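Beneath this line is the structure, given in structure tokens, with notes to follow.
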Amino acid sequence: MLSKHIKNLGLIKFEKKKMSSIVKILVVDDDPDIIEILRYNLSLAGYQVKTASNGKEAVKKAKLFLPEIILLDIMMPEMDGIEACTQIKLLPSLKKTMIIFLSARSEDFTQIAAFDAGGDDYITKPVKPKILLRKIRSVVKRLHSFIDENTKIELGNIIIDRNEYLVKIDNNNINLPRKEFELFFLLASKSGKVFTRDEIMNKVWGTNVIVGDRTIDVHIRKLREKIGDLRFKTVKGVGYKFVQ
């Protein structure tokens with residue numbers, strides 16, 4: 001019985017909360033036990049959940065379901081999570097969807113590949129449902145608010161519009177995955193200010209984040225490639241700042 005299996009894993013029940021708008025989550029994994037455990041806990045917490053067993057199915061369901069969050073395994077048959085993420089991020093209707101990768105592999109190169117594909121976060125398996133739910137609540141909170149009251153920043157030839165999740169440089173659109181955008185928005189919101197690594201992690205990823213130590217460095221590297229290497233300065237032992 002599923003309930004007995006869940007009890008044996010030490011999972012706990014969460015009181016279902018009333019939400020003004022139910023957050024939709026797509027869970028994607030080729031392991032049916034993991035699918036059911038995550039579906040059970042997320043549904044019990046009040047989220048609307050759909051599932052898929054491979055990347056190809058995930059892309060199809062995401063187009064119809066339009067989830068706010070996708071929990072996406074990396075190693076899957078037919079289409080892996082990296083390719084699925086790449087395809088999902090190209091869809092305008094899913095531009096604001098948060099993708100959290102799930103993987104038993106914790107190597108830096110795996111995490112870098114996940115972020116390069118447009119992933120917003122990364123959790124190493126085995127996933128602890130209580131910690132996952134705490135992370136999901138943090139993600140939902142960030143979905144409905146942001147680190148700054150401003151929605152638009154203009155710095156010379158650069159325009160950063162949070163309403164559209166759009167960056168323009170010399171009137172040319174620059175497409176950034178969500179986390180790269182939020183990191184850029186944070187740094188640009190106070191040009192010249194040095195943001196510590198802890199500040200960046202807390203404001204962009206949240207206090208309950210579970211990602212590798214190189215997460216910020218990977219995103220800064222991607223921003224340097226797309227925006228300009230000289231725009232982002234490293235303050236050794238402290239953090240980063242954006243300069244005009």
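Just so it is clear, the structure is predicted and the values come from calculations on it, not from any experiment.
Judged by the 6.0 Å distance and 45° axis criteria, Lys24 is not positioned over the aromatic ring of Tyr47. Arg162 forms no cation-pi arrangement with Phe181, by the criterion of a distance under 6.0 Å to the ring centre and an angle within 45° of the ring axis.
Judged as a salt bridge (charged side-chain N to carboxylate O under 4.0 Å, His left out), not a single pair has a partner in residues 231-244 (not counting sequence neighbours).
Not one N or O on the side chain of Lys63 forms a donor-acceptor pair closer than 3.5 Å with the backbone of Leu94. Judged purely by atom type and a 3.5 angstrom limit, Ser191 has no side-chain atom pairing as donor or acceptor with the backbone of Leu187. A side-chain donor-acceptor contact under 3.5 Å links Asp120 to the backbone of Ile99.
In this structure, Val235 belongs to a hydrophobic cluster whose other members, linked by side-chain heavy atoms under 4.5 Å apart, are Val194, Val238.
Remark: Lys125 engages Asp29 in a salt bridge, criterion side-chain N to carboxylate O under 4.0 Å. Taking a cutoff of 4.0 Å between a charged side-chain nitrogen and a carboxylate oxygen, Lys135 and Asp121 qualify as a salt bridge.
The 12-atom threshold is not exceeded at NZ of Lys50, counting heavy atoms of other residues, nucleotides or ligands nearer than 6.0 Å.
Scanning for ring-ring contact (aromatic ring centres under 6.0 Å, His included) contacts around Phe184 gives Phe232, Phe242, with sequence neighbours left out.
The same ILVMFWY cluster, assembled from side-chain heavy atoms under 4.5 Å apart, contains both Leu91 and Met79.
Donor-acceptor pairing under 3.5 Å is recorded for the side chains of Asp170 and Asn157.
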